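None of the values given here were measured: they were computed from a predicted structure. Order of the sequence lines sets the chain letters (A, B, ...), proteins ahead of strands, with each chain counted from 1.
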Amino acid sequence: MAVNMESSLGPLRLRHPVINASGTFDVLAADRVLAADLFTDFPFAAYVPKTVTLKPREGNPPHRLYETAAGLLNSIGLANKGIEAFIADDLPRLGRLPVPLIASIAAEETNGYGRCAGLLDGRDEVAALELNISCPNVELDGKALGCDPFLTASATAQARAATGKFLIVKLTPNVTDILVLARAAVEAGADCLSVINTVHGMALDPWTLRPALGHVTGGLSGPAIKPVALRAVYLISRELDVPVIGMGGVTSANDVLEFLAAGATAVAVGTACFRDPLLAVSLVQELEHQMELRDIATPGELVGRAH
Amino acid sequence: METVPAQADLYQCPVVESRTVGAYHLIAFVAGEIAAVARPGQFVMIRQSGPALDPLLPRPMGIHAVEADLVKVLVEPVGKGTVVLTDARVGDRYSVLGPLGNGFDLSGEGTAVIVGGGVGMAPLALLAGTLAGRGRDVRCQLGFKTRVQAVAAELFRDVDVDICTEDGTMGRKAMVSELLVECLTDLGPAAAEAELFVCGPGAMMRAAVETAREYGADAQVSVAAHMACGVGACQGCVVRAGGEYRCACNQGPVFRAGELEWR
Ligand SMILES: Cc1cc2nc3c(=O)[nH]c(=O)nc-3n(C[C@H](O)[C@H](O)[C@H](O)COP(=O)(O)OP(=O)(O)OC[C@H]3O[C@@H](n4cnc5c(N)ncnc54)[C@H](O)[C@@H]3O)c2cc1C
Ligand SMILES: Cc1cc2nc3c(=O)[nH]c(=O)nc-3n(C[C@H](O)[C@H](O)[C@H](O)COP(=O)(O)O)c2cc1C
Ligand code: FES
């Protein structure tokens with residue numbers, strides 16, 4: 001049976017359902033190092049660059065990374081050059097990618113989301129915006145505003161007012177009931193939800209028995225969090241009527257099938273890009289093969305099958 | 001930076017040699033594209049191929065030697081990622097991404113004073129051979145805790161090496177910084193034209209850089225950092241240099257001593 005891998009995410013047409021997760025694949029850096037010509041042969045169906053914030057952020061002190069059992073703890077601290085430098089230096093080059101560009105934005109104050117969205121609204125290179133609401137927030141004493149439904153709604157509403165572009169809100173799992181946050185975002189105007197960002201965690205150095213990360217605590221990603229992510233995708237997509245981008249621990253084609261069946265419309269690969277920067281190439285081939293074997297004609301056919 | 005092969009199956013490299021060298025483990029892979037362009041001080045990200053999810057990520061390893069189409073690394077087992085690497089068997093396939101990083105700047109002309117501590121000697125072996133091959137005056141000092149590590153100094157083939165151990169079980173009973181002081185004193189006025197190439201534990205590198213400064217010599221330092229991607233994507237491997245955070249993987253791992261801020 002012929003498989004048609006095309007997917008759509010709101011107005012975005014995707015060659016297949018696999019995209020990258022913000023902060024884990026840097027096409028501009030990879031293009032310098034890898035022999036592959038990523039600007040012609042881009043392995044993902046859309047590109048999400050690292051989150052940029054209204055003001056540049058230096059990030060957290062080292063160590064920023066520590067590997068745990070089938071997982072990775074990070075405390076990068078949203079190090080980035082700021083949205084103005086992103087627009088001036090990166091956007092023109094990213095506009096040459098053969099896939100839709102989903103810009104990820106964050107701010108330390110709620111109203112910064114509206115300003116960031118406004119700065120990108122007029123840019124043709126940008127197909128959609130993703131709000132990363134896990135950024136440390138000044139109104140919440142440095143906690144992520146994504147932990148608070150009112151601030152989540154307020155950041156979403158401000159971005160919504162500033163842009164007509166497809167608006168994705170990326171939820172943090174570090175809350176008591178992620179459905180409350182999902183509803184808050186959708187009611188405030190989100191067109192789509194990305195589920196999930198990293199899970200709070202920490203590790204101790206086995207020799208010194210001191211915190212392994214310079215920032216003490218960090219965010220856990222990779223296969224260790226897949227069950228957490230799958231549950232969140234399942235609960236949210238069953239309840240709400242917006243497309244969900246599922247992510248958290250995807251390393252294989254089978255993982256992609258599971259996220260689709262749990263209710264995701266597209267699936268993002270994050271930490272696994274560090275195992276192999278071109279993993280997506282083989283993963284998408286294997287996905288097509290698996291769909292053929294299982295008589296699945298389109299990714300859309302599978303979405304929500306587990307409900 | 002040089003380009004490397006990037007198709008997923010291209011960097012599935014077969015292991016052709018895997019043996020213990022004292023406390024360390026030497027692994028040789030067939031990796032022609034990497035061997036063809038690797039420069040001293042560059043590194044590779046390596047991981048056993050296959051679906052196993054723990055260890056999850058590749059580990060950075062300095063390029064220790066390059067022979068024809070072979071790339072060799074020298075691994076000190078310190079945790080799960082490196083312990084697994086020491087299980088490598090001939091015929092196993094490893095995912096090897098590289099060469100990565102800037103490597104040492106070889107353009108200087110003064111005496112090259114190579115200072116290594118522990119497994120930090122690994123990338124310095126390729127450096128010493130390359131510099132000696134170019135006719136540069138090379139002095140090598142390597143420091144180890146004890147004999148079982150120091151035996152790896154036999155892997156320095158093209159140059160003479162002064163060895164010391166903290167317990168005197170091999171070579172001199174001294175810290176490598178003491179050998180360095182003697183070497184720079186011995187060079188006399190030429191010491192100010194000398195250039196240090198340093199790789200090892202933080203405290204040792206710091207002492208070496210301090211000594212270099214006293215003698216007016218320049219120093220290049222190869223730093224270690226926890227890495228995930230190795231290519232500048234994750235911002236995880238930063239060190240403090242030039243008043244900002246810089247990624248050890250693509251702005252290093254080699255830095256000028258003057259720009260590094262020690263923690
Ligand atoms: C550019 C570069 C070149 C390197 N070259 C070599 C080499 O040639 N040979 C070699 O044996 N090692 C080398 N290393 C260090 C090696 O990458 C680490 O020892 C390894 O990643 C540790 O992984 P693990 O899973 O065994 O240890 P973990 O279980 O992750 O950690 C065990 C202990 O090692 C410490 N550690 C972890 N990563 C590092 C690190 N990168 N540097 C120092 N300490 C660390 C941890 O803090 C902990 O105390 C290099 C590192 C870099 C950045
Ligand atoms: C090193 C690293 C950096 C990340 N940076 C960002 C970021 O800038 N913005 C963001 O929205 N998510 C960021 N994330 C979260 C990922 O996009 C993703 O949501 C999470 O890692 C779960 O997916 P995974 O298990 O496939 O990695 C980062 C994750 C990692 C590991
Ligand atoms: S290891 Fe990812 S940026 Fe250096």
Side-chain angles (χ1 to χ4, degrees), chain A residues 20 23-38 43 50 58-72 74-80 205-207 212-214 221-224 226 249 251-252 270-283 285, chain B residues 1-12 33-34 37 42 45 47-60 78-81 95-101 223-240 243-251 263:
Chain A
N20 73 293
T24 60
F25 188 84
D26 182 334
V27 67
L28 299 176
D31 196 57
R32 277 196 297 274
V33 180
L34 305 173
D37 183 2
L38 293 170
K50 175 147 188 84
E58 182 170 59
N60 288 326
H63 300 306
R64 292 180 174 182
L65 297 167
Y66 196 80
E67 189 175 317
T68 58
L72 173 67
N74 88 78
S75 60
I76 309 295
L78 284 178
N80 78 93
D205 182 296
W207 294 106
L213 295 177
S221 64
K226 193 183 116 187
T251 63
S252 68
T271 302
C273 296
F274 302 147
R275 274 164 74 79
D276 177 348
L278 293 177
L279 172 78
V281 177
S282 50
L283 188 147
Q285 280 168 6
Chain B
M1 191 165 352
E2 323 274 345
T3 52
V4 297
Q7 293 309 311
D9 49 346
L10 267 186
Y11 52 77
Q12 299 301 307
E33 286 88 346
I34 297 175
V37 295
Q42 290 190 296
M45 294 291 283
R47 168 175 77 79
Q48 182 162 27
S49 301
L53 296 176
D54 198 45
L56 184 63
L57 301 179
R59 295 295 188 271
V78 296
K80 71 177 176 190
S95 150
V96 184
L97 179 66
L100 302 169
V223 303
H226 295 192
M227 293 185 176
C229 68
V231 299
C234 71
Q235 305 291 314
C237 61
V238 293
V239 296
R240 197 85 202 159
E244 58 184 11
Y245 286 127
R246 296 199 188 145
C247 289
C249 67
N250 68 349
Q251 295 170 286
R263 285 196 301 143

**Q** What are the two closest heavy atoms between B:G232 and A:A29, and how far apart are they?
**A** O-CB, 3.8 Å

**Q** How long is the span from the CD atom in B:Q235 to the CG atom in A:N60, to the nearest 0.5 Å?
**A**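 Atom-to-atom, B:Q235:CD and A:N60:CG are 12.0 Å apart.
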
**Q** Side chain, backbone, both or neither: which part of B:M227 has a non-hydrogen atom closer than 4.5 Å to chain A?
**A**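 Interface part for B:M227: backbone (N, CA, C, O).
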
**Q** Atom CZ in B:R47, atom CZ in A:R275: separation rounded to 0.5 Å?
**A** 4.0 Å

**Q** Work out which heavy atom in B:Y245 is nearest to a heavy atom in A:P61; give both atom names and the distance.
**A** OH-CA, 3.2 Å

**Q** So how far is it from B:C234 SG to A:N74 CG, rounded to the nearest 0.5 Å?
**A**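 One finds 8.0 Å between SG of B:C234 and CG of A:N74.
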
**Q** For the residue pair B:L56 and A:T68, establish whether any side-chain heavy-atom pair is separated by less than 4.5 Å.
**A** no

**Q** Is the B:H226 ring parallel, tilted or perpendicular to the A:H63 ring (thresholds 30°, 60°)?
**A** parallel

**Q** By a 4.5 Å heavy-atom criterion (distance strictly below it), what part of B:A52 contacts chain A: side chain, backbone, both, or neither?
**A**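 Answer is backbone: N, CA, C or O of B:A52 sit under 4.5 Å from chain A.
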
**Q** Among B:C237, B:P58, B:G236, who wins on heavy-atom pairs under 4.5 Å with chain A?
**A** B:G236

**Q** For chain B, find which of A:S75, A:A69, A:C273, A:A79 contributes the most heavy-atom pairs closer than 4.5 angstrom.
**A** A:A69

**Q** What part of B:P55 gets within 4.5 angstrom of chain A, counting heavy atoms only: side chain, backbone, both, or neither?
**A**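 Both parts, backbone and side chain.
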
**Q** Under 4.5 Å heavy-atom distance to chain B, tell me which part of A:T24 shows up: side chain, backbone, both or neither.
**A** backbone

**Q** Starting at CG of B:L53, measure out to OG1 of A:T271 and round the result to the nearest 0.5 Å.
**A** 11.5 Å

**Q** Within the structure provided, determine whether B:S95 and A:D276 are in side-chain contact (heavy-atom separation under 4.5 Å).
**A**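 B:S95 vs A:D276: side chains apart.
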
**Q** What's the spacing between A:D26 CG and B:C247 SG if we round to 0.5 Å?
**A** 9.5 Å

